Amino acid sequence: MEPPNRFWASLWYFIKFLPYFCGLFILGLIKGVLLCPWGCLIMAIGISALILGLWPMHLIWTYYCIVRTRMVGPVVKLLLLIAATVILILWLIIGIPGSAFAGLLYGFLAPIMATFDAVGEGKEKPFVHCFVDGTWSTITGSCTVVRDLKDLLFHSYFSIMDDLRFQAPPNGKPYEIRLLHIPGALLSAACGLILDGIMFTLIAIYKCPVMLFKGWKRLIQDLIGREGPFLETACVPFAGLAILLWPFAVLGAMLASILASIPLGLYGAVIAYQESSIVMGLSYAISSVSIFDEYTNDVLDMAPGSCFPKLKYRKKEGSSHGGHLSKPASFDKEKQEGKKPLARVTSFKNSIDEFNPFKMLDHLFDECKRQGEVLVNEGVITMKDIQETKSGKVGSGVLNVGLPAYVMLNALLRSAKANSDGLLLIDGAEITSENRPKSTLFDWFFDPLMVIKEQIKAENFTEEEEEYLKKRVLMIGEPSNLKDTLPHVPSLNERKRAEIDAFARRLQGITKSISRYPTSKRRFDVLVKALLLELERTMGGSLPANGSQALKLRGGIARMLSQKSVGKTANIIDEDPEAQITRKARTP
């Protein structure tokens, strides 16, 4: 990037901005020091109590589910029991001091970031907000972290373990380890650890100066031009600190490269076991050095390629270079289209808001609240649904499974009718492969939804069939038990009815998987409370015993939330064959 024409004007503006920046930074530092102990206290006590209180139950239930599962054989069960013991012990040792450290870090950084964010563009009364923001929100944020972790350790944990306990093997035979190939796999892992550890260290040390000076050059250019991370006021202090602390970032990158050699070296054991060949495992260890060197060259904008050999480590043609360490396709695309300069970030804050998976969850639950109130007024969601959910019957899950699936189905139908390339939201926004959140977790949900959308578009349902599909998605249970609930559509034959049932099961499976997300349980609680008020308002004018039924309803909701509202769920990857293909394509 070339410096702007008005270089001296930009430099003078930066000099005038320094006192303003220093004042905000000192104010944020003072708030961080004052609130840091409180954030540490809340998170340390809350998280430590969760870890210690749930650890015996986690230990017993994990052992029980591993022993009872039909997915694996006796040898694998023994290895899983050993691995689970090690993980649970490490979780107890690392989790408690880690909670205190996380509380210190959050309690210190949150007020500083809130102070700079208070004087951003579009903020009213910035002088007041720079003192107020980041005080009480830090305390409530610490409590929210503890609550989300509780949902993860309780509801999500039991949901995942129930899958392990109840699922049957895909081919009817449990997975078992071939003991004869274990020695060769261990030998490949040992050789991979030694070779990758030495070579990754040498490559990282050799390329450290390149990363240091290229990073400094880019940051200084952005500083002069007020672009990239220096554009947003809230990010200026951290971008300025990045210049000073860049050598430590380079050192951290070097240590991360060295540590990365451990799992990548151990992966040679997986290759040797899968291919039943020690030679293939050793070939992978050699090839991983070449792929790592080529990948770092692309990241640092150095000469493409590598001087190290890249051997074939898969017996099948075309699979040796598309596995674990293969570089992103974007690099190959750049080589085909010609080298392009790195794109500037127009707004760091806006990019975070745009690519935040939590925004997608907020939109999902907002739509659940809006469409849920409509369904309550129409009498589709009734007291019976609440009572069946309260009693824990498997045949009903309209509120916690069917309603989110119903919302996603409406979005898919809307996208298919508009011939959208992605997912069209109710407000007109469109989520595509270019602007979606860049995370593997989000891909597990987004890619199967795109497959279902294309299949719905190909089916070309009539309006009556769409209404049948919506009701089938909303109602949980076997089709034979829902004949009285589902609308009668004469045009539906057995084949199309089976396809609609398959669509419904897959969308409900996606919803069950989303319910395991750390923040979804908290959002679901808010949704149920809103629907409870709507149910009471709707029932108030027609039921004579409104007071007693309202109390009964409140008790039912309280008991329902005390249970595992996420249910005994099945993972999306196991219920959606397209999702399995997607995951296999992303995983070696």
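The structure presented is a predicted model; accordingly, all values stated were derived computationally and were not measured. Counting begins at 1 with the first residue of the sequence. Note that these values count all heavy atoms, side chains included, but never hydrogens, waters or copies made by symmetry.
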Check your understanding: Can you tell me if CD1 on I82 sees more than 12 non-hydrogen neighbours from other groups inside 6.0 Å?
Key -> yes
Check your understanding: Between H58 and Y157, what is the ring plane arrangement, given parallel below 30°, perpendicular above 60°, and tilted in between?
Key -> tilted
Is there a side-chain contact between [X] and [Y] (heavy atoms, below 4.5 Å)?
{"X": "F108", "Y": "L29", "answer": "yes"}
{"X": "D162", "Y": "W61", "answer": "yes"}
{"X": "L251", "Y": "M254", "answer": "yes"}
{"X": "V473", "Y": "F503", "answer": "no"}
{"X": "T62", "Y": "L81", "answer": "no"}
{"X": "I510", "Y": "P448", "answer": "yes"}
{"X": "S257", "Y": "F292", "answer": "yes"}
{"X": "L507", "Y": "L412", "answer": "yes"}

Revision key, fill the gap. The salt bridge (Lys or Arg N to Asp or Glu O under 4.0 Å) partners of K150 (sequence neighbours excluded) come to none
Where is the tightest heavy-atom contact between [X] and [Y], given as atom of each residue plus distance?
{"X": "G107", "Y": "P111", "value": "O-CD, 3.1 Å"}
{"X": "Y175", "Y": "V76", "value": "O-CG2, 3.7 Å"}
{"X": "M43", "Y": "G103", "value": "SD-CA, 3.5 Å"}
{"X": "A272", "Y": "G184", "value": "CB-O, 4.3 Å"}
{"X": "G192", "Y": "A285", "value": "CA-CB, 3.8 Å"}
{"X": "S48", "Y": "S99", "value": "OG-OG, 3.4 Å"}

Practice item. Tell me, please, which residues at least two apart from E367 pass side chain to side chain donor-acceptor pair (under 3.5 Å). Key: R370, Q371
Once rounded to the nearest 0.5 Å, what's the spacing between atom [atom1] of [X] and atom [atom2] of [Y]?
{"X": "W136", "Y": "T140", "atom1": "CH2", "atom2": "OG1", "result": "7.0 Å"}
{"X": "L195", "Y": "L264", "atom1": "CG", "atom2": "CG", "result": "12.0 Å"}
{"X": "L186", "Y": "C191", "atom1": "CG", "atom2": "SG", "result": "11.0 Å"}
{"X": "L59", "Y": "L54", "atom1": "CG", "atom2": "CG", "result": "12.5 Å"}
{"X": "D117", "Y": "I112", "atom1": "CG", "atom2": "CD1", "result": "13.5 Å"}
{"X": "Y64", "Y": "M57", "atom1": "OH", "atom2": "CE", "result": "15.0 Å"}

Review point. So which of T135, D133, T138, T115 actually passes side chain to side chain donor-acceptor pair (under 3.5 Å) with K31?
Key: T115
Check your understanding: Between D366 and K369, is there a salt bridge with N-O shorter than 4.0 Å?
Key -> no
Determine whether a donor-acceptor pair (N or O, by modelled atom type, separation under 3.5 Å) exists between the side chain of [X] and the backbone of [Y].
{"X": "Q508", "Y": "G402", "result": "no"}
{"X": "R314", "Y": "E275", "result": "no"}
{"X": "R70", "Y": "R165", "result": "no"}

Exercise for review: Would you please test T69 and L80 for side chain to side chain contact (heavy atoms under 4.5 Å, CB included) and show each step?
Suggested key: CA-CA 11 Å; T69 183; L80 287 176; 5.7 Å; no
Review point. Run the side chain to side chain contact (heavy atoms under 4.5 Å, CB included) check on L164 and R68 step by step: do they pass?
Key: CA-CA 9 Å; L164 177 65; R68 291 295 302 272; over 6 Å; no
**Study point:** Chi angles and distances behind the side chain to side chain contact (heavy atoms under 4.5 Å, CB included) call for R506, V451
**Key:** CA-CA 11 Å; R506 288 156 63 189; V451 174; 4.2 Å; yes
Practice item. Pick out which of I194, D196, T201 makes a side chain to side chain contact (heavy atoms under 4.5 Å, CB included) with S261. Key: D196
Review point. Given the rule in the side chain to side chain contact (heavy atoms under 4.5 Å, CB included) test, do L52 and I96 qualify, once you have shown the distances and angles that lead to the verdict?
Key: CA-CA 9 Å; L52 292 174; I96 295 177; 3.7 Å; yes
